[in-house]
Engineer: 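Structure incoming, see below.
Small disclaimer: the values here were computed from a predicted structure and weren't measured. Just so you know, residue 1 is the first one in the sequence shown, and it goes up from there.
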Amino acid sequence: LQGKIHDYEMTLQLPAYLEAFGISLFEEHHIDKSRPVLLVNPWTSWESKNWGIENFIRCLRQLPPDIQILLCGGPADRAKNKQIASAAGRPITDLTGKTTLSELARIVQLSDLLLTGDTGTLHIAIALHVPTLSLWGPSAPEKYGPLVPGHIVVKSKYSCISCDKTKCRLKTNACMDAIVPEEISKKIAQFFMDKKTQ
């Protein structure tokens with residue numbers, strides 16, 4: 001191939017039957033689309049890319065009360081997400097392990113913002129043109145992350161980021177822990193404040 005690719009736009013078209021699924025699921029869980037909806041996908045396939053239970057709890061605790069929070073993930077994430085939901089001190093709809101991949105895509109589509117690490121769910125959101133706030137440590141957003149406008153990227157300021165290691169060589173996950181929960185809470189709150197004024 002000659003030259004460079006400059007158009008990184010992706011589009012994902014969901015099947016029509018998922019429209020009714022999404023509406024029904026939101027009704028079942030009393031999720032009001034006229035209020036902000038934050039979808040949180042806490043876990044990745046790499047141990048080193050995970051932000052950790054306590055960081056998510058601290059972040060979600062400080063969000064404005066009008067933000068409706070949904071948790072998602074696979075069956076293996078149920079116990080960890082249950083800990084987050086029970087300790088966040090606010091109502092959280094936990095959908096972990098309760099959807100197929102295509103159903104999860106529909107939930108992403110209905111959300112206003114996705115909070116996640118470097119995961120497949122991030123790329124689903126990008127392809128559905130749903131804004132994201134993604135957290136980065138051992139992998140580089142310049143290489144793997146949102147390469148189109150409209151997304152918030154938070155890159156750790158720790159010294160040994162972008163190592164591309166599935167497990168932290170320091171055995172501390174220090175780069176992800178260097179991302180401060182209170183700063184992420186502020187970015188989420190600001191996103192929804194800006195959205196109201198658009």
Side-chain angles (χ1 to χ4, degrees), residues 8-14 18-19 21-22 25-26 29 31-33 35-46 49-53 55-64 66-74 77 80-81 84-85 88 90-137 139 141 144-156 176 179 181 183-196 198:
Y8 295 100
E9 199 74 48
M10 299 186 293
T11 299
L12 177 60
Q13 186 71 42
L14 299 183
L18 286 172
E19 186 171 341
F21 161 80
L25 182 124
F26 271 39
H29 292 282
I31 298 161
D32 181 357
K33 270 299 288 173
R35 291 170 50 212
V37 177
L38 171 69
L39 179 62
V40 183
N41 185 93
W43 309 106
T44 74
S45 57
W46 290 14
K49 291 193 289 188
N50 291 331
W51 198 32
I53 290 171
N55 287 325
F56 277 104
I57 290 170
R58 279 173 56 193
C59 172
L60 300 182
R61 270 183 185 160
Q62 297 177 67
L63 292 178
D66 64 317
I67 297 176
Q68 301 165 103
I69 302 170
L70 285 65
L71 272 180
C72 68
D77 303 323
K80 292 178 288 187
N81 279 2
I84 293 170
R90 58 184 296 148
I92 288 181
T93 301
D94 189 357
L95 303 173
T96 310
K98 296 178 181 176
T99 63
T100 65
L101 188 59
S102 56
E103 288 169 346
L104 173 59
R106 176 61 175 147
I107 295 165
V108 170
Q109 189 178 49
L110 287 170
S111 302
D112 296 305
L113 179 69
L114 170 69
L115 170 62
T116 185
D118 176 15
T119 67
T121 310
L122 169 65
H123 300 290
I124 288 172
I126 295 166
L128 289 169
H129 310 290
V130 172
T132 65
L133 193 165
S134 53
L135 311 175
W136 297 80
S139 53
Y144 303 109
L147 300 175
V148 291
H151 301 277
I152 304 164
V153 171
V154 177
K155 190 173 176 180
S156 173
M176 292 304 292
I179 299 172
E183 291 181 6
I184 304 307
S185 302
K186 286 177 186 173
K187 286 181 184 294
I188 294 169
Q190 189 63 53
F191 169 86
F192 284 114
M193 282 180 62
D194 292 345
K195 188 175 170 63
K196 276 183 186 176
Q198 287 173 359

Engineer: For residues Gly74 and Thr96, report the shortest heavy-atom separation together with the two atoms involved.
Structural biologist: O-CG2, 3.3 Å
Engineer: So, using salt bridge (Lys or Arg N to Asp or Glu O under 4.0 Å) as the criterion, who are the partners of Arg58 when residues are at least two apart?
Structural biologist: Glu182
Engineer: Should Trp51 and Ile184 count as side-chain neighbours, where that means a heavy-atom distance under 4.5 Å?
Structural biologist: yes
Engineer: Any side-chain heavy atom of Arg106 within less than 4.5 Å of one from Thr99?
Structural biologist: no
Engineer: Rounded to the nearest 0.5 Å, what's the gap from CD1 on Ile124 to OG1 on Thr116? Could you check?
Structural biologist: 10.0 Å
Engineer: Kindly give the heavy-atom pair with the smallest separation between Val130 and His151, and that separation in Å.
Structural biologist: O-CE1, 3.2 Å
Engineer: Of all heavy-atom pairs between Leu128 and Ala105, which one has the smallest distance, and what is that distance?
Structural biologist: CD1-O, 3.2 Å
Engineer: Using side-chain heavy atoms (C-beta onward) and a distance below 4.5 Å, is Ile107 in contact with Leu110?
Structural biologist: no
Engineer: Would you say that more than 12 heavy atoms from the other residues, nucleotides or ligands in this model lie under 6.0 Å from the NZ of Lys186, or not?
Structural biologist: no
Engineer: With heavy-atom distances below 4.5 Å as the criterion, would you say the side chains of Phe26 and Leu70 are in contact?
Structural biologist: yes
Engineer: Return the minimal non-hydrogen interatomic distance between Leu18 and Ser102, and the atom names on each side.
Structural biologist: CD1-O, 3.4 Å
Engineer: With a 4.5 Å limit on heavy-atom distance, are the side chains of Pro36 and Phe191 in contact?
Structural biologist: no
Engineer: Just so I know, are the side chains of Val40 and Cys59 near enough to count as touching, which here means a heavy-atom distance under 4.5 Å?
Structural biologist: no
Engineer: Measuring from atom CH2 of Trp43 to atom OG1 of Thr119, what distance do you get when rounded to the nearest 0.5 angstrom?
Structural biologist: 12.5 Å
Engineer: Who are the salt bridge (Lys or Arg N to Asp or Glu O under 4.0 Å) partners of Lys195, not counting sequence neighbours?
Structural biologist: Asp112
Engineer: Would you indicate whether the side-chain heavy atoms of Pro42 and Asn81 approach each other to under 4.5 Å?
Structural biologist: yes
Engineer: What's the spacing between Ile69 CD1 and Leu60 CG if we round to 0.5 Å?
Structural biologist: 4.5 Å
Engineer: Indicate yes or no: at least one non-hydrogen side-chain atom of Ser139 is less than 4.5 angstrom from one of Lys49.
Structural biologist: yes
Engineer: If you round to the nearest 0.5 Å, how far is CD1 of Ile92 from CZ of Phe56?
Structural biologist: 11.0 Å
Engineer: Please check if the side chain of Arg90 supplies one atom and the backbone of Leu63 the other of a donor-acceptor pair under 3.5 Å.
Structural biologist: yes
Engineer: Please test Gln68 against Thr93 for side-chain contact (heavy atoms from CB on, under 4.5 Å), starting from the C-alpha separation and ending with a verdict.
Structural biologist: CA-CA 8 Å; Gln68 301 165 103; Thr93 301; over 6 Å; no
Engineer: Of all residues at least two apart in sequence or in a different chain, which pass the side chain to side chain contact (heavy atoms under 4.5 Å, CB included) check with Cys72?
Structural biologist: Leu39, Asn41, Leu104
Engineer: Mind listing the closest non-hydrogen atom pair of Ser134 and Leu122 along with its distance?
Structural biologist: CB-CD1, 4.0 Å
Engineer: Is a side-chain donor-acceptor pair under 3.5 Å present for Trp46 with Asp118?
Structural biologist: no
Engineer: Kindly compute the distance separating CZ (Arg35) from CD1 (Ile67), expressed to the nearest 0.5 Å.
Structural biologist: 10.0 Å
Engineer: What distance separates Leu135 CG from Asn55 CG, expressed to the nearest 0.5 Å?
Structural biologist: 9.0 Å
Engineer: Which pair of non-hydrogen atoms, one from Thr121 and one from Leu114, has the smallest distance, and what is that distance?
Structural biologist: O-CD2, 3.6 Å
Engineer: Is it the case that over 12 heavy atoms from other parts of the model lie below 6.0 angstrom from the NZ atom of Lys187?
Structural biologist: no
